[in-house]
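Read the numbers this way: they start at 1 and go in the same order the structure lists the ligands and their atoms.
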Amino acid sequence: MPKPSVAPAATGITSILNESRVFKPSKDFAERAHIKSLAAYKKLYAESIKDPEKFWGRLANQELVWFTPFKKVLQWKEPVAKWFVGGRTNVAVNCLDRWLDTPIANKAALIWEGEPASDGRPGEERILTYKQLHREVCRFANVLKRHGVGKGDRVLIYLPLVPEAAIAMLACARIGAVHSVVFGGFSAQSVADRIADCGAKLVVTADGGYRRGAIVQLKKNVDDALNLRDAQGKALAASATAVIVLRRCYNDIHMQEGRDFWWHRELEYVTADCPPAKLESEAPLFILYTSGSTGKPKGIFHTTAGYLLGTKLTSRYVFDLKPEDVYWCTADVGWVTGHSYLVYGPLANGATSLMYEGAPNWPEPDRFWRIVEKFGVTILYTAPTAIRAFMKWGDEWPKKHNLRSLRLLGSVGEPINPEAWMWYHEVIGGGRCPIVDTWWQTETGAIMISPLPGVTPLKPGSATLPFFGIQPEVVDEQGVEVPRNAGGKLIIRKPWPSMLRGVWGDPERFKQTYWTEVPHTYFTGDGCRQDQDGYFWIVGRIDDVLNVAGHRIGTAEVESALVSHPSVAEAAVVGRPDELKGQALVAFVTLKSGIHAKPELRDELRQHVAKEIGPVAKPDDIRFAEGLPKTRSGKIMRRLLKQVAAGVEVKGDTTTLEDFNVLTRLAQASE
Ligand code: WTA
């Protein structure tokens, strides 16, 4: 049995997971893998850490297509990194054009499976070869150009998971425009805020998207977003003057003359000839908004060459991508995983990437396994929250299908609990597939800590060891490395090519959020422990960000949405452990005087949050309270609320609590 291996840490972060099972890689897998042994990994890793610039410089020359070679590998002026300075390249060329004169040209770049109809009829299916995808990207790039979009202009993409999402992203990359993809589960308000923040000139959307047989009104949300006004009556999203609309659901929508244009109509005016822009290595590629510990989402931005190199190499080595693989990453393009491992990483390797539009249990809980069988998927990359849902739905669903094609499984987004790991390994992987538990973030651009399949002995629940060139460390409050098995903050010591270059329009926030917690290093926001073998075990976020079903939700954002409702006086949002979602959102709400805590109000508040942020941020639980536990200086004591939310006895220091009775009442209210 596992023996306790917990040491208290100076940071107060303790890791209580004791897992001692080790799964050695099979000889068979190792023999065929890109990297064949732990010794080979260690040697290359040591080399990459000894002289990172030499290492990355060599790979950038070898892996990327350059119009102009770079002169300097890294120019580092904390906290801003410039990689491959002086070089010029283009992401779309690296993902598409480079394959055109090779046998890969006629290989499937994207296999797309649409959501099945609500009456159970199978979904549509589309396959785009590299040549076809190249053509569609060039045509759409010309559409963008016709609408005056050029180098450096921002384009907001708000689409369902259809091939056109990848086409629009690559079209932006081709002409040097900066895309910002917004997940279809966000509201009109969120769309407007993002357009306003990045000053997007054009919006790409669809009439609607399918979700469990219903239609998500994407175009209607864009209309609402463009009509929203700020307190002074000024249009919030005034920068966006054109909307390109993809026809997907044939639902009734309003098209505004002179502003809205059908995608298919626009294609009639353009050719498929679109020379790529020769972009500097540091030209911004995309902005992706993510929750932070304050109210406003941050526009994390990534640039061209470094991001491409990071996603390309990690795709190849972590997923052991081979020409014959059918690789399926189940993430939506609205998240960073969809950017790096559905689109850019796989295409930069000339791989076949599968995308599925719908939900895992629609129309039945075997949807994923049906797809694996249908296309002979060999690599499956998904999230622990999905794995836990599959466990709950029962083994009979995967057992109905032949999953023998699978050879490698991946996990991302949150810590995977060992029980879910074991189920994934046995029921889905038939005991033969290695699992790569990949730790990374929107900010890191690419996978940072992960096993290499065939190489790294696996421990269920651990992301194991760092990728080449990456130096993670677990440190205490002073930034000093803690002993093995002690908990601490996870930091990254040195810059790496795919790292974020900043927070769009807010260099100060970039510095404050990531570079001040521990001086001169990048702070991840995660708690972590390194075990006696140097394996990293992520404990979870230590800032006020929650990980709900693999989505990052800032508690402050949900709080401000709640407080913007006329009945609410104050709100505090905390997480409680949830069997399926990892964490669930619990909101403690005090109402303005004279307002009664009617049960209907709960629903109204949940709808209000959905309207303000999007359905992804709806609290699972709303508890009305007369008061919130506060320190004498007025700070809400979230630590205590977390315990109340989790239904455990409130422990720890309560001496700074201003009114102890509040706590007793809260605990009673939740019983
Ligand atoms: C968490 C998703 C444990 C972590 C790629 C991180 C993980 C946040 C793992 C980033 C993992 C991601 N094990 N925790 N394998 N992968 N996380 O920006 O807390 O949506 O900081 O990027 O997810 O979430 P993001």
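- For the 3.5 Å distance criterion, the side chains of R367 and N361 fail to qualify, holding no donor opposite an acceptor.
- Every atom of ligand 1 is numbered from 1 in the order shown, and the set under 4.0 Å from a heavy atom of D437 is 11 (C), 13 (N), 15 (N).
- Interface atoms of ligand 1 facing V412, defined by a heavy-atom separation under 4.0 Å, are 5 (C).
- Looking only at heavy atoms of the protein, atom 4 (C) of ligand 1 is closest to D526 OD2, 3.0 Å.
- Of all protein heavy atoms, the one closest to atom 3 (C) of ligand 1 is P415 N, 3.1 Å.
- Close approach to T438 involves these atoms of ligand 1, each under 4.0 Å from a residue heavy atom: 9 (C), 11 (C), 15 (N), 16 (N).
- The distance from ligand 1 to the heavy atoms of I538 drops below 4.0 Å at these ligand atoms: 3 (C), 14 (N).
- Atom numbering of ligand 1 starts at 1 in the shown order; those under 4.0 Å from a heavy atom of T337 are 5 (C).
- Here atom 5 (C) of ligand 1 lies nearest to W440 when heavy atoms of W440, W537, Y341, F536 are compared.
- Nearest protein heavy-atom neighbour of atom 23 (O) of ligand 1: G413 O, 3.2 Å.
- Of the polar atoms of R552, at least one N or O is found under 3.5 Å from an N or O of ligand 1, judged by distance alone.
- The N547 neighbourhood of ligand 1 comprises atoms 1 (C), 23 (O), with distances under 4.0 Å to a heavy atom of that residue.
- With distances taken over non-hydrogen atoms, the option nearest atom 7 (C) of ligand 1 out of H551, E414, Q441, R541 is E414.
- Screening I195, V204, V191 for a side chain to side chain contact (heavy atoms under 4.5 Å, CB included) involving Y158 leaves a single residue, V191.
- Defined by atom type and a distance below 3.5 Å, a donor-acceptor pair is present between the side-chain atoms of Y381 and T438.
- Geometric assessment of R484 against the ring of Y535 yields a negative cation-pi assignment under the 6.0 Å and 45° thresholds.
- Judged by distance alone, the side chains of S291 and R552 never bring a donor and an acceptor atom under 3.5 Å apart.
- Here's the thing with E443: none of its N/O atoms is less than 3.5 angstrom from an N/O atom of ligand 1.
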